Amino acid sequence: MLKRPIIIDTDPGIDDAVALAIALYSEELDVKLITTVVGNVGLDKVTYNALRLLKYFKKEVPVAMGAAAPLIRETEDASDVHGVSGMEGFDFEEPTNDLLLEENAVNAMYRVIKESKEKVTLVPIGPLTNIALLLKVYPEVKENIEEIVLMGGSVTRGNKGVMSEFNIHVDPEAAQIVFDSGVPIVMAGLDVGLKALVLPEDSAKLETMNDVGFMLHSLFKRYRGGSMKTGLKMYDSCAIAYLLKPDMFETVDTYVGVELNGSMTAGATIVDLKGYLKKPNNAKVCLDIDQQMFREWLLDSLSKCN
Ligand code: RIB
Ligand code: CA
């Protein structure tokens with residue numbers, strides 16, 4: 001079977017680690033490039049974490065560093081959720097920089113997309129700064145992008161601001177550029193991310209499942225995206241789940257705008273389900289997820305990470 005070429009833009013990030021594992025071991029996906037972006041923690045740390053994960057997974061995928069700050073706003077991190085390093089809880093071996101490209105993420109993405117015979121799917125699971133820069137610096141690249149399947153946004157309330165989800169909250173200007181780009185977008189936001197849970201019994205299975213499961217279980221003990229008791233939120237895995245098992249989701253085609261000026265609502269994704277704004281649809285928004293199907297899919301996918 002022809003593997004689907006993808007680029008993952010990421011800010012690892014404990015939930016990013018789960019998404020990266022599933023994507024890298026999947027028989028259906030060809031991860032051509034991993035690009036890093038400031039988000040959960042600073043750019044150097046998220047890049048170091050990506051390299052640590054690739055060494056642990058024994059996967060040789062090139063890594064390119066992207067933006068060290070949002071387009072306009074001051075950086076806000078999520079070290080309260082992922083720990084100071086961005087990936088607390090497991091003693092990884094020191095990675096080398098063999099996989100780290102000299103090229104910056106924008107140029108690396110442009111090259112990989114341009115050179116690909118098939119259209120490439122972009123999978124941003126962090127703030128959208130790199131993707132916005134790519135689309136602005138090299139607009140011609142849009143014709144070889146299949147779609148952008150992103151973790152971010154929310155139809156309702158936020159998890160970093162009252163109305164803003166973290167990835168959009170950190171760089172709303174970048175998000176507006178991406179949603180206005182005309183590239184087909186799938187938005188996997190909090191409406192599914194908050195329901196995509198690893199329950200205590202799932203994490204216990206992971207601990208003895210294989211080396212990847214053991215490592216993730218160790219990280220989960222330090223992850224503050226939910227709780228071991230009520231369930232840990234696998235936000236970023238929703239983007240990968242959409243690629244591999246879209247029937248898990250209920251979706252709607254609609255218009256999504258990004259609030260930039262609200263003194264209390266900047267970073268909110270305005271999902272215009274009723275068409276009040278009379279704007280053309282620009283995204284497929286995931287409204288719901290089959291929670292049991294997600295749990296089974298996640299465990300099954302991680303069982304293949306050997
Ligand atoms: O709101 C959840 C998102 O913020 C996820 O991508 C998580 O890794 C954090 O970056
Ligand atoms: Ca992330």
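For the numbers below, each heavy atom of this structure counts, side chains included, while hydrogens, waters and symmetry mates do not. Start at 1 and go down the list; that is how both ligands and their atoms are numbered. The model shown is predicted, which means the values in this text are computed figures rather than measured ones.
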Closest non-hydrogen protein atom to [atom], residue and atom name please, with distance?
atom                   : value
atom 8 (O) of ligand 1 : Asp15 OD1, 2.6 Å
atom 6 (O) of ligand 1 : Asp236 OD1, 2.6 Å
atom 1 (O) of ligand 1 : Glu165 OE2, 2.5 Å
atom 4 (O) of ligand 1 : Phe166 CD2, 3.2 Å

Where ligand 1 meets [X] - atom numbers and elements under 4.0 angstrom, heavy-atom basis:
X      : result
Asp16  : 8 (O)
Ile125 : 6 (O)
Asp11  : 10 (O)
Asn159 : 1 (O), 2 (C)
Met151 : 2 (C), 3 (C), 5 (C), 6 (O)

How long is the straight-line distance from CG of Leu216 back to CE of Met234, given to the nearest 0.5 Å? 8.0 Å
Closest heavy-atom pair, Met228 versus Pro200, reported as atoms and distance to 0.1 Å, is O-CG, 2.7 Å
Between [X] and [Y], does any side-chain N to carboxylate O distance fall below 4.0 Å?
X      : Y      : value
Glu28  : Arg4   : no
Glu165 : Lys233 : no
Arg73  : Glu173 : yes

With sequence neighbours excluded, what pairs up with Leu54 under the side chain to side chain contact (heavy atoms under 4.5 Å, CB included) test? Leu24, Ile34, Lys59, Val61, Val63, Leu99
Short side-chain to backbone donor-acceptor contact, [X] and [Y], under 3.5 Å:
X      : Y      : answer
Asn104 : Asn107 : yes
Lys221 : Glu88  : no
Ser116 : Lys119 : no

Does Asn40 reach ligand 1 with a nitrogen or oxygen that is under 3.5 Å from one of the ligand's nitrogen or oxygen atoms? yes
In short, ring-ring contact (aromatic ring centres under 6.0 Å, His included) pairs touching residues 278-306 with sequence neighbours left out are Phe294-Trp297
Atom pairs and distances, donor-acceptor, side-chain atoms in residues 254-266, under 3.5 Å, two or more places apart:
unit_1	atom_1	unit_2	atom_2	d
Thr254	OG1	Asp272	O	3.0
Glu259	OE2	Asn261	N	2.8
Glu259	OE2	Gly262	N	2.8

Atoms listed for the Ca ion (ligand 2) (protein only, N, O or S, under 3.0 Å, no waters) are Asp11 OD1, Asp16 OD1, Asp16 OD2, Ile125 O, Asp236 OD2
